[in-house]
Peer 1: 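The structure follows.
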Amino acid sequence: MKIFVTGGAGYIGSICVEQMLNQGHEVVVFDNLSEGHRKAVDPRTRLIVGDLQKPEEIASALRKESPEAVMHFAANALVGESMTNPSKYFRNNVYGGINLLDAMMAADVKKFVFSSTCATFGPPERNPIDETLPQRPINPYGESKLIFEKILRWYDEIHGLRYVALRYFNAAGASGAYGEDHRLETHIIPNVLKVALGQKEHVNIFGNDYETPDGTCIRDYIHILDLAQAHILALGAPSSACYNLGTGGGTSVREIIAACEKVTGKKIPVVETPRRPGDPPLLIAASDKVKRELGWKPQFQSIEKIIESAWAWHLKHPGGYGD
Ligand code: UDP
């Protein structure tokens with residue numbers, strides 16, 4: 001299949017591109033390189049540097065390429081930043097997305113896979129979180145993704161768009177060649193690994209008084225290669241749907257740090273700080289629906305294996321992509 005990937009130079013997009021190429025798909029990447037990296041784009045594909053904020057740029061790229069499907073990763077994804085700059089999130093994640101959908105409709109492209117997030121749920125009334133729970137986001141990032149999920153439903157009903165929205169829990173790990181390099185790194189695993197590499201002195205634990213067994217937040221970390229496989233399966237989905245994607249297991253912040261110490265063989269100094277605003281104590285996915293309907297089978301259940309893959313990549317790329 002020929003697949004047009006927005007945000008294919010970013011962390012999750014670049015690895016999905018690599019995996020699709022490995023499985024024989026033809027891929028074109030569209031990215032404005034604001035968060036992504038040129039070096040993260042697999043040389044077997046082509047990079048179009050373009051901006052979803054400019055309707056004519058995305059419209060002409062889609063008209064020219066005429067793909068069978070679009071995978072849409074291009075977005076801003078930091079909860080904290082969204083709380084101080086909501087406009088950026090609604091402009092990029094909602095307005096940019098509408099420009100993409102309208103360009104798709106004009107080019108008669110009707111298949112769509114969307115990077116959504118568990119942040120669309122907000123603090124859940126129970127865990128694990130399945131698709132029947134109400135979506136009540138508590139930050140503009142989650143709200144922007146939920147608004148776009150709702151827009152997709154109407155493009156399906158009115159224009160016959162066939163979409164799959166994949167709501168990721170915590171993406172982590174690396175493939176052999178590509179990994180996680182954010183210009184502003186806020187995520188726990190890369191931050192701990194930077195300490196192991198000697199690039200940072202300590203890692204902060206944001207809150208030690210949560211109602212969890214060790215007092216720190218618990219998240220469901222999913223290997224990036226398992227995420228990529230879900231995207232590839234989504235291309236063959238028979239009808240529009242939303243799926244929650246995680247392993248169904250939880251790891252606390254302290255457990256992440258302990259696992260990183262084990263994998264890297266380095267002692268990680270920690271500083272315990274107050275809670276980070278907007279962090280729910282416990283987020284775990286129920287992914288039975290995607291397993292049942294798309295036949296998704298995650299390969300990595302062990303947090304150590306996930307961290308091992310991230311550590312191997314960081315050791316090879318201590319300066320990230322270097323841009
Ligand atoms: N966290 C932490 N120290 C850090 C970064 C994150 O204690 O330097 C915590 C954060 O408060 C959350 C968990 O680690 O409870 C996962 O955070 P991350 O930013 O990796 O992902 P999120 O769940 O926010 O998408």
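Counting starts at 1 for both ligands and their atoms, following the listed order.
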Peer 1: Any side-chain donor-acceptor pair under 3.5 Å between D156 and S240?
Peer 2: yes

Peer 1: Under a 4.0 Å threshold between the charged nitrogen and the carboxylate oxygen, would R183 count as salt-bridged to D323?
Peer 2: yes

Peer 1: Is there a donor-acceptor pair under 3.5 Å between the side chain of Q299 and the backbone N or O of K297?
Peer 2: yes

Peer 1: Among protein heavy atoms, which sits nearest to atom 5 (C) of ligand 1, and what does the distance come to when rounded to 0.1 Å?
Peer 2: T186 O, 3.3 Å

Peer 1: Which bit of F169 is near ligand 1, meaning a heavy atom under 4.0 Å away: side chain, backbone, both or neither?
Peer 2: neither

Peer 1: Give me the residue, atom name and distance of the protein heavy atom closest to atom 14 (O) of ligand 1.
Peer 2: V253 CG2, 3.5 Å

Peer 1: Could you say whether the N/O atoms of I188 and ligand 1 ever approach to under 3.5 Å?
Peer 2: yes

Peer 1: One residue to check: I189. Relative to ligand 1, which of side chain, backbone, both or neither has a non-hydrogen atom less than 4.0 Å away?
Peer 2: neither

Peer 1: Begin from the C-alpha positions of S287 and N244 and carry the test side-chain hydrogen bond (donor to acceptor under 3.5 Å, both in side chains) through to its verdict.
Peer 2: CA-CA 5 Å; S287 298; N244 294 356; over 6 Å; no

Peer 1: Return yes or no for this condition: an N or O of F206 is under 3.5 Å from an N or O of ligand 1.
Peer 2: yes

Peer 1: Check for me whether I205 has a heavy atom closer than 4.0 Å to any atom of ligand 1.
Peer 2: yes

Peer 1: Relative to the heavy atoms of C217, which atoms of ligand 1 are at a distance of less than 4.0 Å?
Peer 2: 15 (O)

Peer 1: Distance to 0.1 Å, residue and atom name: give those for the protein heavy atom nearest to atom 24 (O) of ligand 1.
Peer 2: R276 NH2, 2.8 Å

Peer 1: If you measure from each non-hydrogen atom of R219 to ligand 1, which part falls under 4.0 Å: side chain, backbone, both or neither?
Peer 2: side chain

Peer 1: Ignoring angles and geometry beyond distance, decide whether N170 reaches within less than 3.5 Å of ligand 1 through its nitrogen or oxygen atoms.
Peer 2: yes

Peer 1: Enumerate the atoms of ligand 1 whose separation from the nearest heavy atom of N204 is less than 4.0 angstrom.
Peer 2: 2 (C), 3 (N), 4 (C), 7 (O), 8 (O)

Peer 1: Quick one: does Y221 get within less than 4.0 Å of ligand 1, heavy atoms only?
Peer 2: yes

Peer 1: Just checking M1: does its CE atom have more than 12 heavy atoms from other residues, nucleotides or ligands closer to it than 6.0 angstrom?
Peer 2: yes

Peer 1: Any donor-acceptor pair under 3.5 Å linking the side chain of H223 with the backbone of L225?
Peer 2: yes

Peer 1: Search all heavy atoms of S175 against all heavy atoms of I15 and return the closest pair with its distance.
Peer 2: N-CD1, 3.9 Å

Peer 1: Are Y11 and W313 an aromatic pair, judged by ring center distance below 6.0 Å?
Peer 2: no

Peer 1: Determine whether the side chain, the backbone, both or neither of D279 has a heavy atom under 4.0 Å from any heavy atom of ligand 1.
Peer 2: side chain

Peer 1: Taking the side chain from S66 and the backbone from R63, do they hold a donor-acceptor pair closer than 3.5 Å?
Peer 2: no

